[in-house]
Structure formats: C-alpha cells, structure tokens
Amino acid sequence: MKIASMFFETKKEMPKDAEMISHKLLIKGGYVSLSSSGVYAYLPLFLRVYKKVEKIIIEEMDRIGGQQLLLPVLTPKELWDETGRWNDFGSEMFRLKDRKDRDYALCPTHEEVITDIARKSIRSYKQLPQIWYQIQTKFRDEPRPRSGLLRVRQFEMKDSYSLDTNTSNLERAYNKHREAYIRMFKRLGIDLTIVEAASGLMGGAKSEEFMAISDSGEDRIALCNKCDYSSNMEVADTKSNDYNFEDSELKEIHTPVKGDVETVSDYLNEDRKRFIKSILIITDNKPVFLLVPGERDIEEKKIELIFGEKFRYANDKEINQYTGADKGYISPINLDIKVYADTSLKDAKGMISGANKNDFHIKGINIKRDMKDIEFVNIKTVRENDNCPVCDSGKLLIKKCIEIGHIFQLGTKYSASMKAMYLDNNGKEKPIVMGSYGIGLGRVISTIIEQHNDENGIIWPISIAPFSIIIIPLNIKNEKIMNKAEELYALLKKDHEVMLDDRDLRAGNKFKDADLTGIPVRIIIGKKFIETNEIEISIRNSTEKITVKPTDLLNVVNEIIEDKKGLCKID
RNA sequence: CGGGGCGUAGCGCAGCCCGGUUAGCGCGCCUGCUUUGGGAGCAGGAAGCCGCAGGUUCAAAUCCUGCCGCCCCGACCA
C-alpha cells in the first residue's frame, strides 16, 4: 500500500499515559487508539498484525482437529444461574437488560454457552471426542484496566473446549492443546515458560499457564535453575523439611515480650526455624488455624484457593474469644479448632508456638502428636533461592511474566451441573469430560512487542509484521527515484506485502516511521541510486546495510525474507 | 474499592498559588516557496464551551462545592 493514501498516523511524541513499552509503541506507532478505559480501537496497521496472529492460531487449532465456530456474546442470566457463575463473577461481569427487563450478560468466557451446545447435540460416546473453538470478543469489567492491551475490559480470545468420554481422553486433548500452543507461540516468536497454575474461577483439576517472561508482567512465577520445575507463585512449593528437631514433652515458657516471631525468638535466643506461626482466620463464621514455619509468611493467594474469597483474618476480640489469649500468644494446642498447616510442618517436632495464655509460649510441640484435627496444605510463601521441590540441588528463581495462555482440565464441573450427558457403550449415562483452553490475542501481540523492540520502536517477527517490506524513495520529486520506487513496488507486491512511502517528507521522518512501526525489510532509493544506480536494503533488527543493483534486488529480498521466515518456522 | 496524579487546539505542555487585555508555546494540520540519507527553513493560515454542572465575584481557565473521565500503585485475569 502507498502510505500517502493509507490510514497511517504515527505520533511524534510518546503518549503521556503509557508506561509499558508495548503500550507506548502501539499508541505511538498508530496501531491502536483508546476508546474508553480498557477499550481499544484496532487501527488498520494493527488489524493486519491481528489477522496474522489469528491465522497462525487457526492453523494450529485445525491441526489438532479443532473445529472453529462462533458463539454468541449476549447470553441470558438463566444460563449462568445453572452453574452459579451469575453470582460468582460478581461485578466483573457486564450485565444488561432487554426491553422486557430480562437479564443478560456479555460473556466473560464461554463454558456455559459451549456446554449448552454440547448437551443439545451430544448423545453418544460415538460423537466424542470433539474440540470446538472460536476467536471471540470477551467482556470483563476489570477493576483496573491497565498496561495497554494487557489488561482490558473488551478483548479477543481464542477459546477452545474439548469434550471427551473420560479423564484419560481429556488428558489427551489437553496435551494436544499444550503441543499446539507451543507451536503457535514459537511461530509467533514468543519466548515462554509453561507453569503449573491455579484454576481459580474456572474450577477443575489440572491447569497450566503459558507465561512470557517480562519485567512488565503482572504475574510472578518460580523457576528451578536446574530442572524444569516452574510454577505460578500462587501454587509454587519448596522442599524444606528441616523442622524435625529433637522430640520432647510440651512445656510452657515465660515470654513477657509482646511481638512477632522475630521478637520472641530473639528474646529466647532460639532459631526462628523452631517457631510455628499460628494465624487465626474466620471462614463460614468459624475459626480456623493456619500454621506456617516461623521464618515464613502465609501466601494469601493460596489461602484463597482453599477457602475462596470468603476468609478473613480474625480480629483481636475474636482471637481472645477463641483462644483465651492475645495475638502473639496463640496456637491450636489444646483447642478444638480445625488446623491447616503448611506441608513443610508435616514432621515438625520440638517446635515453639503460643501457649494460649498471655506472656507464655509453649515448646516441644510435635505437630502430629499435639494437634488432632489437622490437614497439611501448601500455604507458605516461596522465596528466591528456596530449594526446588522436585530435584535435589536446584534453587528457585522468581520471575515476572505475562500470562498469554491458560489451559484447564475442567472435568465434569460444567457438564454435571448443566446435565451435558452422553451414553457410553454400556448404555449408561455419563457427564461429558471437558477441558477449556484460552489465549488472549491482545496479550499475545503486546508480548511480542515487549520481547521484540529497541529504542526506535517495534521489531516485528516477519510472521506477523503488518507488511514485510517498506520501500522508501528519499525524494519523491525526483522522477528517476520515484519511477524506480513505483517499479519495485509493482514487482515486489506480487509476492510480498509491501508499503511504499510516497509521502513528501524528508529522509529522517521516513526512517523514524519505518523503525517505529517495525517493518522488517527496508528498501531505500536515494542519492546512491542516482549516482551509482545502487539500491540499499536494510533490515530492521540489524545495522547491516546491503547495497544491490536493481536487477539483483528481487532475489536478495526473497532470500532475506525466506531466511526470516525460517526463524519462526516449525518442522 | 483504597492510595496518588492529571483533565487547557489533533498530540505534548505553560498559564491557575496571587481572579482583570484578544488564553499562550512546541509539534502536527492547511497554502506558497526553498529543502530532501535520521523527526528541515521562511512566510501566511485554520483550529479552544480551559472535562461537566453549580456557586462566589463587577469580573473565573484561575477561588469554592459536586460530578465525570483518564493514568499510575495495590486486591483480580487471557
């Protein structure tokens, strides 16, 4: 396309509201335009990138036997009531009423819709397995949209759903998706890590997230420096069973120092490792004790995974009422309160915690001996340099990252509550076993920019660049230059996506725009062409300049592009 | 929802404390000329409900009240 007549509008200055590099470049390069908080218009240049991403996703989904469909975005309340998510989604769901005053939701995700379709069409095991997917706009009323396209209220998502007869078939569908995702992201030029994740509002058993490591990401993951262990901090674990001290009788000790574990351990001159932090929370109006090693804190996310968002910390009055002592002097010892202890405390012996009596602690605690109603769960914080929970000598690294894909083994959560059943080969009715798999297209594109940019702008991998080539005639008033530019444009256009910068601007402007918008291959026709009949080719992510004769140009350009394509190719 | 910041021309900003000409500046835009290898120069020009509503005042972009919008930091997700 010829730029002079295109919708091509870059900005000279960085947008003041943007913080993240991808956000800045998307705005500055004229790719997107903010409509309202968390809602963006995709401008022509962006849509070209978007379509390419979409194409790669579709190709890989089709490869694993996915069938594309398109589900409605406008859905009645009744559908969501069946799974209880009309309530569960809370204010994150966009809701509206029709003229008859009936409630509707703009879909934040499509499990209910797909399950509804499944129950209407699937009858027999002979119709399974199925993989259905769509690329569709989702609506989520995020509390705080931010970071350009990373966190928005309206966004496009590739969501697929697998329908299977049993769990092992579900696993197969899940693994197919996993492989497809790896291929897609490779083709998109994204460097990523797959981590173990929490399922959250989706429910279900296993889930993994596709994380692109980036300092501007909102998530944190723990990675082992030796083996391939990687996990979202929400579920990360560490090996630390060194709380197995000498066993002894319980004994009260006088600790007239008010304060936390640090204060008391200093006073007693005891290692912090010997302490158990006892924290009282209230959930369902009942008190529950949480126990973690004294040297660690509670990871609130993990608590939420166990109790939902219904838990809260007990206040001073409640602490006293349930334990008979003040904060700092409590523990589950001799109390009839349910205990959730961190897994690392499983074999803990010779430990110290509160005596449920002000100014006293108790020592010699043997968890298994002294606590009755106890369950061991992973609730402690994980830190950089902790031991890997899997291998022998690995240490954990903590990294920030962007979540671009998430795959879930849902199981029968939706099919059971919505009665999506099939008849097995014994004529017995069973719920369909489901999986759900998402990729955020806007996040994918932002991530690519985060991972491929320099101080001058975006550096698109050729697989998704809006155009592969930009021809820059440096002086459009010079006939010889302009004729050659038009000639090359016509020639290259046959096999490539080409932009011709036919604007009457000086060289600097054109170079800046070419850099900013990130077009991979640049063909410059300028003074050199007039003087020596030579044309210059430069490549966006290198400083190398290639000078060619016009007759060789086509071959050289083809080679460069083939070479670039190779980087994103698979198989 | 808690904390912070900002709304003045398409973009980036000054003016606001301390009310008082015709509301400025840079970029962009339009016209003409010159210029053409890293965001050119000169000349002329268009463009503003100073976020909205109310109040104080002879007089409000400026002071007061309320509201709205946008961004950033926290709790949530693709």
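Letters A, B, ... are given to chains in the order of the sequence lines, protein chains preceding strands, and every chain is numbered from 1.
- In this structure, of B/C70, B/G38, B/A78, it is B/G38 that holds the atom nearest to the side chain of A/D515.
- Picking from B/A78, B/A75, B/G28 the nucleotide with the shortest atom distance to the side chain of A/F155 gives B/A78.
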What N/O pairs connect the protein and nucleotides 11-15 of chain B at under 3.5 Å? Give each pair on its own line.
from, atom 1, to, atom 2, distance (Å)
B/G12, O2', A/E13, OE2, 3.4

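- Out of B/G28, B/A78, B/C72, the shortest distance to the side chain of A/R144 is found at B/C72.
- Judged by distance alone, with hydrogens and angles left aside, A/R443 brings a side-chain donor or acceptor within reach of the base of B/C77, the pair sitting under 3.5 Å.
- Each of A/K176, A/K55, A/R178, A/R187 was scored for a salt bridge (charged side-chain N to carboxylate O under 4.0 Å, His left out) with A/E60, with one residue passing: A/R187.
- In this structure B/U57 sits in no base pair that meets the Watson-Crick or G-U test at under 3.5 Å.
- Counting any heavy atom pair closer than 4.0 Å across all strands shown, A/E92 reaches sugar-phosphate atoms only and no base atom.
- Using a 4.0 Å heavy-atom cutoff across all strands shown, A/N478 reaches no nucleic acid atom at all.
- Of the candidate nucleotides B/G38, B/A75, B/C77, B/C77 has the atom lying nearest to any side-chain atom of A/E403.
- With B/G39, B/G38, B/C70 as the choices, the nucleotide that has an atom nearest any side-chain atom of A/F511 turns out to be B/G38.
- In this model, no side-chain donor or acceptor of A/E9 finds a partner on the base of B/G10 within 3.5 Å.
- Taking the centre and axis of the six-membered ring of A/W86, the NZ or CZ atom of A/R95 falls inside the cone set by 45° and 6.0 Å.
- As rounded to the nearest Å, B/C67 and B/C25 have P atoms that lie 36 Å from one another.
- Taking the centre of each ring, A/W460 and A/Y31 come in below the 6.0 Å mark.
- Residues meeting the side-chain contact (heavy atoms from CB on, under 4.5 Å) test with A/K527, sequence neighbours left out: A/E531.
- Here A/R503 lies out of heavy-atom contact (under 4.0 Å) with every strand.
- Nearest nucleotide to the side chain of A/R146, out of B/A78, B/C27, B/G74: B/G74.
- Across the strands present, B/A46 finds no partner; the criterion is a Watson-Crick or G-U wobble pair with both atom distances under 3.5 angstrom.
- Atom-to-atom, CZ of A/R85 to C1' of B/C77 comes out at 13 Å; the value is rounded to the nearest Å.
- The base of B/G37 lies outside donor-acceptor range of the side chain of A/N475, with no N or O pair under 3.5 Å.
- Nearest nucleotide to the A/L474 side chain, out of B/G37, B/A78, B/G39: B/G37.
- Going from the C1' atom of B/C16 to that of B/C63 covers 10 Å, rounded to whole Å.
- Side-chain polar atoms of A/Q134 and A/Q68 form no donor-acceptor pair below 3.5 angstrom.
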Applying side-chain contact (heavy atoms from CB on, under 4.5 Å), run through A/I281 and A/L290 and close with a yes or a no. CA-CA 7 Å; A/I281 61 162; A/L290 302 178; 3.7 Å; yes

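- Across B/A40 and B/C27, the matching P atoms stand 10 Å from one another, rounded to whole Å.
- Residues forming a salt bridge (Lys or Arg N to Asp or Glu O under 4.0 Å) with A/K77 (at least two apart in sequence, or on another chain): A/D81.
- One interatomic measurement links the two molecules: CD1 of A/I448 to C1' of B/A78, which rounds to 14 Å at whole-angstrom precision.
- Across all strands, A/E142 comes closer than 4.0 Å to base atoms (heavy-atom distances).
- Nearest nucleotide to the side chain of A/R506, out of B/A40, B/G39, B/A78: B/A40.
- In this model, a side-chain donor or acceptor of A/K477 finds a partner on the base of B/U35 within 3.5 Å.
- Ring centroids of A/Y437 and A/Y161 are separated by 6.0 Å or more, keeping the two rings apart.
- One atom, CD of A/E531, and another, P of B/G37, lie 10 Å apart when rounded to the nearest Å.
- Under 4.0 Å is where a charged nitrogen must lie from a carboxylate oxygen, and between A/K302 and A/E234 no such pair does.
- Using Watson-Crick or G-U wobble geometry with both donor-acceptor distances under 3.5 Å, B/U35 finds no partner in any strand shown.
- In this structure, B/A9 makes no Watson-Crick or G-U wobble pair, since no nucleotide meets both defining distances under 3.5 angstrom.
- Across all strands shown, B/C52 forms a Watson-Crick or G-U wobble pair with B/G66, both key distances being under 3.5 Å.
- Looking at heavy-atom distances under 4.0 Å, A/K510 makes no contact with the nucleic acid at all.
- Residue-level contact check: A/V152 touches the bases, meaning some heavy atom is under 4.0 Å from a base atom.
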Apply side-chain contact (heavy atoms from CB on, under 4.5 Å) to the pair A/F467 and A/V498, showing each step before the final yes or no. CA-CA 6 Å; A/F467 291 88; A/V498 189; 5.7 Å; no

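- Candidate nucleotides B/C72, B/G38, B/C70 were compared by shortest atom distance to the side chain of A/L34, and B/C70 ranks first.
- The partner of B/C18 is absent, by the rule that a Watson-Crick or G-U pair needs both atom distances under 3.5 Å.
- Summarising the geometry, the separation between CZ on A/F139 and C1' on B/C77 is reported as 16 Å, rounded to the nearest angstrom.
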